[in-house]
Amino acid sequence: MTDAPLLIVGASMAGLRTAEGARRAGYDGPIEFLGAEAHAPYNRPPLSKELLQTEGHGHDEVAFPIRSALEQGVTWTLGRAAASLDAERRVVVDEAGVEHPYSSLVIATGLRPKPLPIPSHGLGGIHVLRTLDDAVGLRSALRPGANVVILGSGFVGCEIAATAAKNGCSVSIVTQSAVPLDRALGPELGGEVRRRHEAHGVRFFTRDGLFGLVGETAVERVILTSGVMLECDVLVVAIGSDPNTEWLQGSGLDVSDGVLVDAGLRAIGVDGVVRPDVFAVGDVARYPNPLFDDVPRRVEHWNLPTETGKRAGQLIAAHLRGDDCEPLAAAGFAPLPSFWSDQYDMHLLAFGMTYLADRRELVAGSLDDECVVEYFRGETLVGVCGIGMRSLVQSYRSRFSMPSATV
């Protein structure tokens, strides 16, 4: 074993869980975190809900506890992004030009929001939501009476809309989709989500987009592609995310859509060869899941940073001990994706990959109350989602299990 540390690029939930997993699996050597944000790892789901609504809340309210196993032998280099990877020398160079050698590397750099799709012309009042600092900046703008326009109707957009409406804002959602959350939920359940938002005063402009902005120093109005003009004090861009992999260009890794990895979360090169000392975890990792098929995908559900971190930690500890990692990697990796969302008094919980479905079936309750919807690809169940009925939705977990898979 080299004296160089286990280097985790991305002080994220996935990075933290990887370090914990490596410690549990017996690795007791040095660990270094290199993170672009100035904050230690924290929980992101509250950013669009509790933290966005409650003045005075900050990092302390969302920070993950650092367990005793990571209190010694860990170095935190925060507020400094990675700039490049030299895989041959086993060195990551940060944006300040400082080199960070490693024995094994974990890529946990996650995602960033897609930018405004038209020129901003330097106008203020335009927000995205991915980081703690984003949430703090947006929170101060969501004052009662503010005209809030949200571009996008995915989970982030809908959760911000619910929070803003509860704050007393006038909220409009502009989306190219027919219904919110259409990819994840389908037209029936997505339509019900829209109805519930509209009951709280949210306006939807569907099959529409952003054409232009009007304002002196900050956005005052937005012009939609349909020609509609909306008053706008706060413009939130929530049209999806891109993986943070620019720093890996030229490294030899396959970063065509995130970082391609094998069942052991080990990075795969553009030559198709597995890199045994480089791992990717969380939202940035792209891998096949045999619960569904053999197509490598990035899956951005909330439980997968933990699942991928635990898995990578096992392989890292074995690799740094000099063990043969192939049997462990060959055992397969088949985590069950899960997502949840709270909007007003509506509690959504889902398991599986609902967006693979070509058919949906309401199997319990009614859409306008509590309900459960099953999602099928052909005749195969690929997902389930419920509004309420939590115990029934939870019971579906066993329907996705694979005796041959190691989760």
Side-chain angles (χ1 to χ4, degrees), residues 13-14 16-17 20-21 43-50 62 64-65 154-156 158-159 162 180-193 195-196 281-283 287-293 297-311 332-407:
M13 178 182 180
L16 182 63
R17 299 299 181 239
E20 293 169 347
N43 195 21
R44 294 187 188 274
L47 299 185
S48 58
K49 297 180 277 290
E50 300 93 337
V62 293
F64 289 119
F155 285 105
V156 171
C158 286
E159 289 173 359
L181 300 169
D182 61 339
R183 181 171 180 265
L185 303 184
E188 303 86 4
L189 204 52
E192 177 58 21
V193 170
R195 186 192 70 79
R196 297 189 187 208
V281 294
D283 296 339
Y287 52 89
N289 188 329
L291 283 178
F292 304 96
D293 52 36
R297 296 183 180 89
R298 288 191 305 103
V299 183
E300 300 173 14
H301 293 332
W302 75 273
N303 66 316
L304 294 177
T306 294
E307 298 292 343
T308 55
K310 288 163 55 178
R311 173 69 165 171
F333 180 57
L336 178 61
S338 174
F339 65 81
W340 59 271
S341 180
D342 292 334
Q343 302 170 37
Y344 313 108
D345 58 354
M346 177 175 60
H347 307 289
L348 289 164
L349 174 64
F351 293 100
M353 293 187 180
T354 55
Y355 41 85
L356 298 181
D358 51 34
R359 178 171 64 86
R360 294 155 296 277
E361 183 177 341
L362 177 69
V363 295
S366 61
L367 287 174
D368 61 355
D369 190 14
E370 295 193 343
C371 63
V372 174
V373 176
E374 294 179 346
Y375 294 77
F376 295 89
R377 181 171 54 182
E379 297 303 313
T380 302
L381 182 73
V382 292
V384 61
C385 183
I387 299 177
M389 295 192 169
R390 187 177 183 87
S391 60
L392 179 55
V393 178
Q394 290 275 11
S395 72
Y396 276 78
R397 292 179 63 94
S398 61
R399 300 268 298 271
F400 296 95
S401 62
M402 283 180 50
S404 61
T406 300
V407 179

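Computed over heavy atoms, backbone and side chain alike; hydrogens, waters and symmetry mates excluded.
Salt-bridge check for Arg196 with Glu192: passed, with a basic side-chain N closer than 4.0 Å to an acidic carboxylate O.
Counting heavy atoms from C-beta on, the side chains of Thr306 and Pro335 never come closer than 4.5 Å. Annotation: side chain of Leu304 is in contact with side chain of Tyr287 (closest heavy-atom distance under 4.5 Å). Using a 4.5 Å heavy-atom threshold, the side chains of Glu370 and Leu392 count as separate. For the pair Leu349/Ser338, a side-chain contact is recorded, criterion being any heavy-atom separation below 4.5 Å from C-beta on. Looking only at side-chain heavy atoms (C-beta outward), Val193 and Gln343 come within less than 4.5 Å of each other. Side-chain contact between Glu307 and Val299 is absent, with no heavy-atom pair separated by less than 4.5 Å. In this structure, the side chains of Arg390 and His347 stay at 4.5 Å or more apart for every pair of heavy atoms.
The shortest non-hydrogen separation linking Pro337 to His301 is CB-CD2, 3.3 Å. Scanning both residues, Leu336 and Gly352, for their nearest heavy atoms gives CD1-N, 3.7 Å. Closest approach of Pro290 and Pro288 over heavy atoms only: CD-O, 3.8 Å. Taking each heavy atom of Asn289 and Ala334 in turn, the nearest pair found is OD1-CA, 3.4 Å. Minimum heavy-atom separation, Leu181 to Leu348: CD1-CD1, 4.4 Å. Taking all atoms of both residues into account, the shortest heavy-atom contact from Arg360 to Gly186 is CD-CA, 3.8 Å.
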Donor-acceptor contacts under 3.5 Å from residues 376-388 side chains, at least two apart:
{"residue": "Arg377", "atom": "NH1", "partner": "Asp293", "partner atom": "OD2", "Å": "3.0"}
{"residue": "Arg377", "atom": "NH2", "partner": "Phe292", "partner atom": "O", "Å": "3.0"}
{"residue": "Arg377", "atom": "NH2", "partner": "Asp293", "partner atom": "OD2", "Å": "3.4"}

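The distance between the ring centers of Phe155 and Phe339 falls below 6.0 angstrom.
Judged as a salt bridge (Lys or Arg N to Asp or Glu O under 4.0 Å), and not counting sequence neighbours, the contacts of Glu300 are Arg298. Remark: Glu159 engages Lys49 in a salt bridge (Lys or Arg N to Asp or Glu O under 4.0 Å) (not counting sequence neighbours).
Rounding to the nearest 0.5 Å gives a distance of 12.0 Å between CG of Asn303 and CH2 of Trp340.
With a 6.0 Å cutoff to the six-membered ring centre and a 45° limit on the axis angle, Arg399 does not count as a cation-pi contact of Phe351.
Distance alone, capped at 3.5 Å, places no donor-acceptor pair between the Asp182 side chain and the Gly190 backbone. Not one N or O on the side chain of Thr354 forms a donor-acceptor pair closer than 3.5 Å with the backbone of Leu185.
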